[in-house]
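Here is the structure we will look at, set down as structure tokens.
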Amino acid sequence: MTRLTCVWGCLWLLATFGAQAAGPAPFHWPDGHKAAVSLAYDDALDSQLDIALPQLDQYGFKGSFYLQLSREPVARRMEAWRAAARRGHELGNHTLFHQCSGSAKGHEWVEPARDLDHTSAAQMRDQVLLANTMLQALDGQQQRTMTVPCGDVMAEGEDYVRQVAAQFVAIKLGEGAVVPDMATLDLHAVPVEAPVGVTGAQLIARVEKAGRRGTMVNFTFHGVGGDYLSVSREAHEELLRYLAAHRDVYWVDTFLALTRYVQAQRAPTP
């Protein structure tokens with residue numbers, strides 16, 4: 001080995017170990033955006049088709065709709081959900097029957113037949129995978145994200161979400177609208193807030209908090225201007241107007257698109 005070869009080899013090692021010591025590169029959203037915003041909607045409600053979707057289309061935003069596939073508005077308005085998917089909106093998995101833990105505080109409304117405490121993890125696994133198949137029949141897509149009903153994961157004492165996690169790009173599970181840190185975010189336990197009765201200004205404040213942190217904010221609405229656990233149509237539209245006026249600051253897209261980007265940023269560089 002020549003002295004020159006040794007020098008170049010030493011320089012390469014120093015550069016390699018120096019890069020490793022510096023840690024991962026800082027996270028950046030594309031096109032200079034400061035933060036990302038996911039607008040999502042749970043349970044497949046009529047007000048989402050009648051109010052939320054037209055507002056999203058008016059402002060040119062794509063939302064994520066997590067369908068509880070046993071709900072009547074899915075069967076009765078199937079073509080409307082298909083049309084939403086054709087326009088670029090995401091259809092996500094919210095299970096077949098929306099099982100939640102009946103023993104949890106405030107869950108007196110849980111029907112015995114849909115009590116997660118008395119449903120096996122194996123049953124939940126099969127139902128979630130079947131829901132993916134049914135969603136594919138609606139939109140033709142294979143990649144999917146999920147929102148866990150009530151955030152409850154224990155089925156007869158066993159974590160069913162772990163058994164299906166590999167089938168999803170990302171899963172919304174934790175509590176809190178704003179992701180604290182993109183570097184430590186678990187894509188299979190993404191925090192989310194279900195706003196109820198809030199104002200447009202309150203929603204915007206959460207977006208701006210994500211902007212200051214450089215992370216993402218995840219909203220999962222239920223009713224919009226109707227149904228239950230609702231926000232007013234005015235508050236929803238005020239949020240959309242703000243986002244439309246700040247398109248250069250916030251990247252608004254489906255939860256699937258946003259988390260696929262995060263996943264790609266974490267892929268090892270060749």
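Residue numbers count from 1 along this sequence. Note that these values count all heavy atoms, side chains included, but never hydrogens, waters or copies made by symmetry.
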Let me see the working for D152 and H107 under side-chain contact (heavy atoms from CB on, under 4.5 Å), right down to the final yes or no.
CA-CA 11 Å; D152 295 338; H107 282 193; 3.3 Å; yes
Out of curiosity, does M134 fall in the hydrophobic cluster containing V128 (side-chain heavy atoms, cut-off under 4.5 Å, transitive links)?
no
Go through the steps for D50 and R77 under the test salt bridge (Lys or Arg N to Asp or Glu O under 4.0 Å), then give the verdict.
CA-CA 11 Å; D50 296 335; R77 306 184 70 176; 2.7 Å; yes
Single hit among F219, F221, Y66 for ring-ring contact (aromatic ring centres under 6.0 Å, His included) with Y41
F221
Inspect the contact between D46 and R76 and indicate whether a charged nitrogen and a carboxylate oxygen are less than 4.0 angstrom apart.
yes
Whether K62 and E90 form a salt bridge (side-chain N of Lys/Arg under 4.0 Å from carboxylate O of Asp/Glu) is what I want to check.
no
Check whether the side chains of K172 and T220 place a donor and an acceptor atom closer than 3.5 Å, and report yes or no.
yes
To the nearest 0.5 Å, how far apart are NE2 in H89 and CD in Q48?
12.0 Å
Would you indicate whether the side-chain heavy atoms of Q141 and Q136 approach each other to under 4.5 Å?
no
Exercise: do H118 and E156 side chains pair donor with acceptor under 3.5 Å:
no
Please list all pairs meeting salt bridge (Lys or Arg N to Asp or Glu O under 4.0 Å) that have one or both residues in residues 250-268, counting only residues at least two apart or in different chains.
none
Kindly work out whether a path of hydrophobic side-chain contacts (I/L/V/M/F/W/Y, heavy atoms less than 4.5 Å apart) joins M124 to V153.
yes
Euclidean distance, S101 OG relative to M154 CE, rounded to 0.5 Å:
10.0 Å
Please indicate whether E79 has more than 12 foreign heavy atoms, meaning atoms of other residues, nucleotides or ligands, lying under 6.0 Å from its CD.
yes
Can you list everything that forms a side chain to side chain contact (heavy atoms under 4.5 Å, CB included) with Q163? Sequence neighbours excluded, please.
A121, R125, E158
From CA spacing to verdict: side-chain contact (heavy atoms from CB on, under 4.5 Å), V262, M182
CA-CA 8 Å; V262 174; M182 296 307 299; 3.7 Å; yes
Heavy atoms of S232 and V224 approach each other most closely as O-CG1, 4.4 Å
Regarding D57 and R87, does a basic nitrogen lie under 4.0 Å from an acidic carboxylate oxygen?
yes
Which other residues belong to the hydrophobic cluster containing V110, where Ile, Leu, Val, Met, Phe, Trp and Tyr are joined when side-chain heavy atoms lie under 4.5 Å apart, directly or via other members?
W109
Should the pair D42-R71 be classified as a salt bridge under the 4.0 Å nitrogen-to-oxygen rule?
no
Please verify the inter-ring angle class for W29 with Y261; under 30° counts as parallel, over 60° as perpendicular, anything in between as tilted.
parallel
To the nearest 0.5 Å, how far apart are CD in Q99 and SG in C150?
10.0 Å
Using links of under 4.5 Å between side-chain heavy atoms of ILVMFWY residues, direct or through other members, which residues join Y228 in one cluster?
L45, V196, L229
L138 vs M78, test: side-chain contact (heavy atoms from CB on, under 4.5 Å). Steps then yes/no.
CA-CA 8 Å; L138 280 173; M78 195 170 294; 3.2 Å; yes
Heavy-atom count check: over 12 atoms from other residues, nucleotides or ligands less than 6.0 Å from R247 CZ?
yes
To the nearest 0.5 Å, what is the distance between CG on L258 and CG on N218?
8.0 Å
Could you walk me through whether S70 and Q127 pass the side-chain contact (heavy atoms from CB on, under 4.5 Å) test, one step at a time?
CA-CA 11 Å; S70 60; Q127 289 180 23; over 6 Å; no
What's the separation between atom CG in D227 and atom CG in D43, rounded to the nearest 0.5 Å?
9.5 Å
Let's go through D248 and H33 carefully: what are the C-alpha distance in whole Å and the side-chain angles of both, what is the deciding distance for side chain to side chain donor-acceptor pair (under 3.5 Å) to 0.1 Å, and is it a yes or a no?
CA-CA 6 Å; D248 58 330; H33 290 109; over 6 Å; no
Non-hydrogen atoms of P180 and T215 that approach each other most closely
O-CG2, 3.7 Å
Rounded to the nearest 0.5 Å, what's the gap from NE2 on H94 to CG on L135? Could you check?
12.0 Å
In terms of hydrophobic clustering (I, L, V, M, F, W, Y; side-chain heavy atoms under 4.5 Å; direct or indirect links), are L53 and L67 co-clustered?
yes
Do R213 and K209 have side chains that approach each other closer than 4.5 Å (heavy atoms only, starting at C-beta)?
yes
Are W251 and V178 in one and the same hydrophobic cluster, where Ile, Leu, Val, Met, Phe, Trp and Tyr link if side-chain heavy atoms are under 4.5 Å apart?
no
Closest approach of G102 to D117 (non-hydrogen atoms, all atoms of both residues)
N-OD2, 3.3 Å
Going by the rule side chain to side chain contact (heavy atoms under 4.5 Å, CB included), which residues pair with E208 if we only count those two or more places apart in sequence or in a different chain?
I204, R212, Y242, Y250
Are L173 and V192 connected, step by step, through hydrophobic side chains (Ile, Leu, Val, Met, Phe, Trp, Tyr) whose heavy atoms are closer than 4.5 Å?
no
S47 versus G226, closest heavy-atom pair with distance:
OG-O, 3.9 Å
Looking only at the side chains, is there a donor atom on one of Q123 and S120 sitting less than 3.5 Å from an acceptor on the other?
yes
A quick test of your reading: do over 12 heavy atoms of other residues, nucleotides or ligands sit less than 6.0 Å from CD of E72?
yes
Quick note, ring pair (Phe, Tyr, Trp, His ring centres under 6.0 Å) partners involving residues 152-201, not counting sequence neighbours, are none
List the atom of G197, the atom of V231, and the distance in Å for their closest heavy-atom pair.
N-CG1, 4.0 Å
Write down the atom of A210, the atom of A35, and the distance for their closest heavy-atom approach.
O-CB, 3.6 Å
